[in-house]
Amino acid sequence: MFTLPVILVSLFTILGLPIRLASMGKKKSKQQAASTNERTIAENRKARHEYNVLDALECGIVLVGSEVKSLRGGTVALSEAYAKVRGGEVWLINCDIPEYLEANRLNHKPKRDRKLLMHRREIQRFAMRAYEKGLTLVPLKMYFKEGKAKVLLGLCKGKQEFDKRAAKKKAESDRGLRLSLMHRQRK
């Protein structure tokens, strides 16, 4: 036996009418599709231009209260930041989180070193690999996930100037191909 929705769908397809079911809602944005509990604070777009990202790892970060309030305002500079292994721990260096104005005396230092939270085996596998091979640990993105501040740390190798030019040339040619395909589809 057929149910009413199945009969309606088959009837609409036979008649060539568009089907719009209640379950067919609006499309989710890229950020909503990735994770509903994730809110991006800052992204280091300069890192993708300056480095080839070989591997990435999500890790937590130790913050004080005024830093969290400042991050919720969306103000952080990751462009000059990097991570370093010191004493078996990974530290985020040169990350600029500006002072929170309402914190008064209890404010933090904007460019202080911040400890990154990683398991010991992750430090050995990920960070020590960077130290041995001469690679760099670069923060790619900072975001809140389920109410906790997280950093996406990338294991990166620096690009040479000719690599940057080649990447830019490839991006321009890809954009030209997409545009020509769009014009062709419209006609």
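Scope of the values below: all heavy atoms of this structure, side chains included, with no hydrogens, waters or symmetry mates. Residue numbers count from 1 along this sequence.
Criterion: ILVMFWY side-chain heavy atoms under 4.5 Å apart, direct or through other members. Under it, Leu57 and Tyr51 are not part of a common hydrophobic cluster. Leu153 is connected to Leu63 through a chain of hydrophobic side-chain contacts under 4.5 Å among Ile, Leu, Val, Met, Phe, Trp and Tyr, so both are in one cluster. Under a hydrophobic-cluster definition in which Ile, Leu, Val, Met, Phe, Trp and Tyr are linked whenever side-chain heavy atoms come within less than 4.5 Å, directly or via other members, Val151 and Val138 are assigned to different clusters. In the hydrophobic cluster analysis, where Ile, Leu, Val, Met, Phe, Trp and Tyr join through side-chain heavy atoms closer than 4.5 angstrom, Leu116 is grouped apart from Ile93.
Counting all heavy atoms, side chain and backbone alike, Gly60 lies closest to Lys150 at CA-CD, 4.2 Å. Here the shortest heavy-atom pairing between Leu140 and Ala56 reads CD1-CB, 4.4 Å. Contact detail for Ala81 and Pro139: the closest heavy-atom pair is O-CD, 3.5 Å.
The CG atom of Leu78 sits 7.5 Å away from atom CG of Leu92, with the distance rounded to the nearest 0.5 Å. Atom NZ of Lys145 is separated from atom CD of Glu58 by 4.0 Å, given to the nearest 0.5 angstrom. Here the CG atom belonging to Leu135 is positioned 9.5 Å from the CZ atom belonging to Phe126, to the nearest 0.5 angstrom. To the nearest 0.5 Å, the span separating CG on Leu71 from OH on Tyr100 amounts to 12.0 Å. Note that NZ of Lys115 and SG of Cys59 are 12.0 Å apart. Values are rounded to the nearest 0.5 Å. Residue Ile61 holds its CD1 atom at 8.5 Å from CG of Leu117, rounded to the nearest 0.5 Å.
Side chains of Phe144 and Arg72 form a contact here, defined as non-hydrogen atoms less than 4.5 Å apart. At a threshold of 4.5 Å between non-hydrogen side-chain atoms, the residues Val53 and Arg48 count as touching. The shortest distance between side-chain heavy atoms of Asp55 and Arg129 falls below 4.5 Å. Side-chain contact between Ile97 and Arg114 is present, with at least one heavy-atom pair separated by less than 4.5 Å.
Between the side chain of Thr75 and the backbone N or O of Ser70 there is at least one donor-acceptor pair closer than 3.5 Å.
Using a 4.0 Å cut-off between charged side-chain N and carboxylate O, Arg178 and Asp174 make no salt bridge. Salt bridge Glu67/Arg112: present, at least one basic N to carboxylate O contact under 4.0 Å. Under the 4.0 Å criterion applied to side-chain N and carboxylate O atoms, Lys84 and Asp113 are not assigned as salt-bridge partners.
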*Take Glu50 and Arg45, measure what salt bridge (Lys or Arg N to Asp or Glu O under 4.0 Å) needs, and give me the verdict at the end.*
CA-CA 9 Å; Glu50 297 287 329; Arg45 287 187 238 143; over 6 Å; no
*Checking side-chain contact (heavy atoms from CB on, under 4.5 Å) for the pair Cys156/Asn52: CA distance, chi angles, key distance, verdict?*
CA-CA 5 Å; Cys156 303; Asn52 285 325; over 6 Å; no
*List the steps and the verdict of side-chain contact (heavy atoms from CB on, under 4.5 Å) for Glu80 and Asp96.*
CA-CA 9 Å; Glu80 297 175 4; Asp96 187 21; over 6 Å; no
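Listed by chain and number, the residues in a side-chain contact (heavy atoms from CB on, under 4.5 Å) with Arg121 are His119 (sequence neighbours excluded). Looking at residues two or more places apart in sequence or on another chain, you find a side-chain contact (heavy atoms from CB on, under 4.5 Å) between Val85 and Val90, Ala127, Met128.
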